[in-house]
K.L.:
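Right, I'll just put the structure down here and ask away after.
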Amino acid sequence: MKTLPELLAGDVIDAARCLLGRRLSSEIGGQVCAVVLTEVEAYGGEDDPASHGFRGRRTANASMFGAAGTLYVYRSYGMHWCMNVVTGPAGRAAAVLLRGARPVTGADVMSRRRGRSDHLADGPGKLAQALGVSGEQDGTTVYEGPVLLGLDVEAEGVVRADKRVGITRAMKRQWRFLLEEGPDVRD
DNA sequence: CGGTGGATTCTCT
DNA sequence: GAGAATCCACCGA
C-alpha cells in the first residue's frame, strides 16, 4: 500500500482515484470542518488540452506547477473558487480537481458559509466555499495546512469513471472519478 | 488594447 | 431547462 505522498508524487489518474474516500479538513478563520471526498477529476499538463496547465505557466496557475501536495486554487466564472491537489514532479502541471464531498464534521460552519443547510459540498465551488477556501490558500500544501488531507482512506466504495464536467476540449477522456458508497449504489 | 470565455451555482419557470 | 451573476488573464489584432 503506497502512502499518500507517494501516490501524489505519481500519476495523476492514480492519485485522483486514491483521493476518493479520504478526509479533507480545513482550519480557516478559526473554524474547523471536514469532509470525505466523493468526486474528483484528473487534469494533466501540456498533454491535456482541457487543463489549465496546457498553455504553460501563468500568474494564475503557477502553483499548479509546484510540488506534489500543493493546493492550487483558482477563480471560476469570476465568482467561485475551486481547488486542486497538485500531483507529479514539480514543473509537471498535473492536478486533481476536488469536485464534491460529503460533510463529516463542522456542518454548522459549512452551512453558515454556504448560506444554506443542504448541498453543502456537492460541487467544486460549493466544496471550496464550505471549507472557507479562497485564493489565500493557493500555494499552501495539504500536508501543512490550513487545508489538510487525511493520510488514510476512511470510506470505501465503488469507484466509477466518467467524462469530465464543464470543459470543451478533450471531452473523450474519462478522468472524472466518483465514489459510490453504501448499499444504494446507483448507476 | 478590447473582447471573450470559462474545471459554476442559483433561481425561476 | 434556461439565463443571469460577475471577473480578469489571455488571445488575437
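Basis for what follows: all heavy atoms, side chains included, without hydrogens, waters or symmetry-related copies. Letters A, B, ... mirror the listed sequences (proteins, then strands); counts begin at 1. Here the structure is a predicted model, which is why all the values come from computation and not from measurement.
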K.L.:
Using a 4.0 Å heavy-atom cut-off across all strands, classify A:Met83 as base, sugar-phosphate, or nothing.
P.N.:
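No contact at all - A:Met83 keeps every heavy atom at 4.0 Å or more from the nucleic acid.
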K.L.:
Provide the distance between the two C1' atoms, one in B:dT9 and one in C:dA9, to the nearest whole Å.
P.N.:
22 Å
K.L.:
Using a 4.0 Å heavy-atom cut-off across all strands, classify A:His52 as base, sugar-phosphate, or nothing.
P.N.:
base
K.L.:
Using residues 52-63 of chain A as the side-chain source, report each donor-acceptor pair under 3.5 Å to any protein atom, sequence neighbours left out, with the distance given to one decimal.
P.N.:
{"unit_1": "A:His52", "atom_1": "ND1", "unit_2": "A:Tyr72", "atom_2": "OH", "d": "2.8"}
{"unit_1": "A:Arg58", "atom_1": "NH1", "unit_2": "A:Arg55", "atom_2": "O", "d": "3.1"}
{"unit_1": "A:Arg58", "atom_1": "NH2", "unit_2": "A:Arg55", "atom_2": "O", "d": "2.8"}
{"unit_1": "A:Asn61", "atom_1": "OD1", "unit_2": "A:Arg58", "atom_2": "N", "d": "2.5"}
{"unit_1": "A:Asn61", "atom_1": "ND2", "unit_2": "A:His52", "atom_2": "O", "d": "2.9"}
{"unit_1": "A:Asn61", "atom_1": "ND2", "unit_2": "A:Gly56", "atom_2": "O", "d": "3.2"}
{"unit_1": "A:Ser63", "atom_1": "OG", "unit_2": "A:Asp138", "atom_2": "OD1", "d": "2.6"}

K.L.:
Counting heavy atoms from C-beta on, name the nucleotide in B:dT8, B:dC10, B:dG6 closest to the side chain of A:Lys126.
P.N.:
B:dC10
K.L.:
So, is the end of the A:Arg164 side chain (NZ or CZ) under 6.0 Å from the ring centre of A:Tyr43 and within 45° of the ring's axis?
P.N.:
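Checked: cation-pi criterion met.
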K.L.:
Between A:Arg116 and B:dT9, is there a contact of a side-chain N or O with OP1 or OP2 at under 4.0 Å?
P.N.:
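False: A:Arg116 side-chain N/O out of range (4.0 Å or more) of B:dT9 OP1/OP2.
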K.L.:
At 4.0 Å (heavy atoms only), tell me whether A:Ile167 reaches a base, stays on the sugar-phosphate, or touches nothing.
P.N.:
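Result for A:Ile167 = sugar-phosphate.
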K.L.:
Which listed nucleotide (B:dT9, C:dC11, B:dA7) is nearest to the side chain of A:Asn84?
P.N.:
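Looking only at heavy atoms from C-beta outward on A:Asn84, the closest nucleotide is B:dA7.
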K.L.:
With the side chain of A:Pro124 defined as its heavy atoms from C-beta on, choose the nearest nucleotide among C:dC10, B:dT11, B:dT9.
P.N.:
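Nearest to the side-chain atoms of A:Pro124, counting from C-beta on, is B:dT9.
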K.L.:
Side chain of A:Arg114, heavy atoms from C-beta onward: which of C:dC8, B:dT9, B:dC10 has the nearest atom to it?
P.N.:
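In terms of side-chain proximity for A:Arg114, the closest of C:dC8, B:dT9, B:dC10 is B:dC10.
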K.L.:
Counting only side-chain heavy atoms from C-beta out, which of B:dT9, C:dC11, C:dC8 sits nearest to A:Arg75?
P.N.:
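Among the listed nucleotides, the one closest to the side chain of A:Arg75 is C:dC8.
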K.L.:
Assign A:Arg176 to base, sugar-phosphate, or nothing according to its heavy-atom contacts below 4.0 angstrom with the strands shown.
P.N.:
nothing
K.L.:
Within less than 4.0 Å of OP1 or OP2 of C:dC10, is there a side-chain N or O belonging to A:Arg58?
P.N.:
yes
K.L.:
Nearest 0.5 Å, please: how far is CG in A:Leu24 from CG in A:Leu19?
P.N.:
9.0 Å
K.L.:
Remember a base hit wins even if backbone is also touched, and classify A:Arg169 as base, sugar-phosphate or nothing at under 4.0 Å, heavy atoms.
P.N.:
nothing
K.L.:
Taking 4.0 Å as the cut-off, does a side-chain nitrogen or oxygen of A:His80 come that near to OP1 or OP2 on B:dT9?
P.N.:
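So the side chain of A:His80 is outside the cut-off, no N or O lying under 4.0 Å from OP1 or OP2 of B:dT9.
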K.L.:
Starting at the 5' end of DNA chain B, what dot-bracket string do you get if Watson-Crick and G-U pairs under 3.5 Å are bracketed, crossing pairs use [ ], other-strand pairs use | and unpaired bases use dots?
P.N.:
||||||.|||||.
K.L.:
What interatomic distance, in whole Å, is found between P of C:dC8 and the corresponding atom of B:dT11?
P.N.:
24 Å
K.L.:
Considering only heavy atoms and no angle criterion, is a donor-acceptor pair shorter than 3.5 Å present between the side chain of A:Tyr77 and the base of C:dA5?
P.N.:
no
K.L.:
Expressed in angstrom and rounded to an integer, what is the separation of A:Leu98 atom CG from B:dT8 atom P?
P.N.:
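Interatomic distance, CG of A:Leu98 to P of B:dT8: 13 Å.
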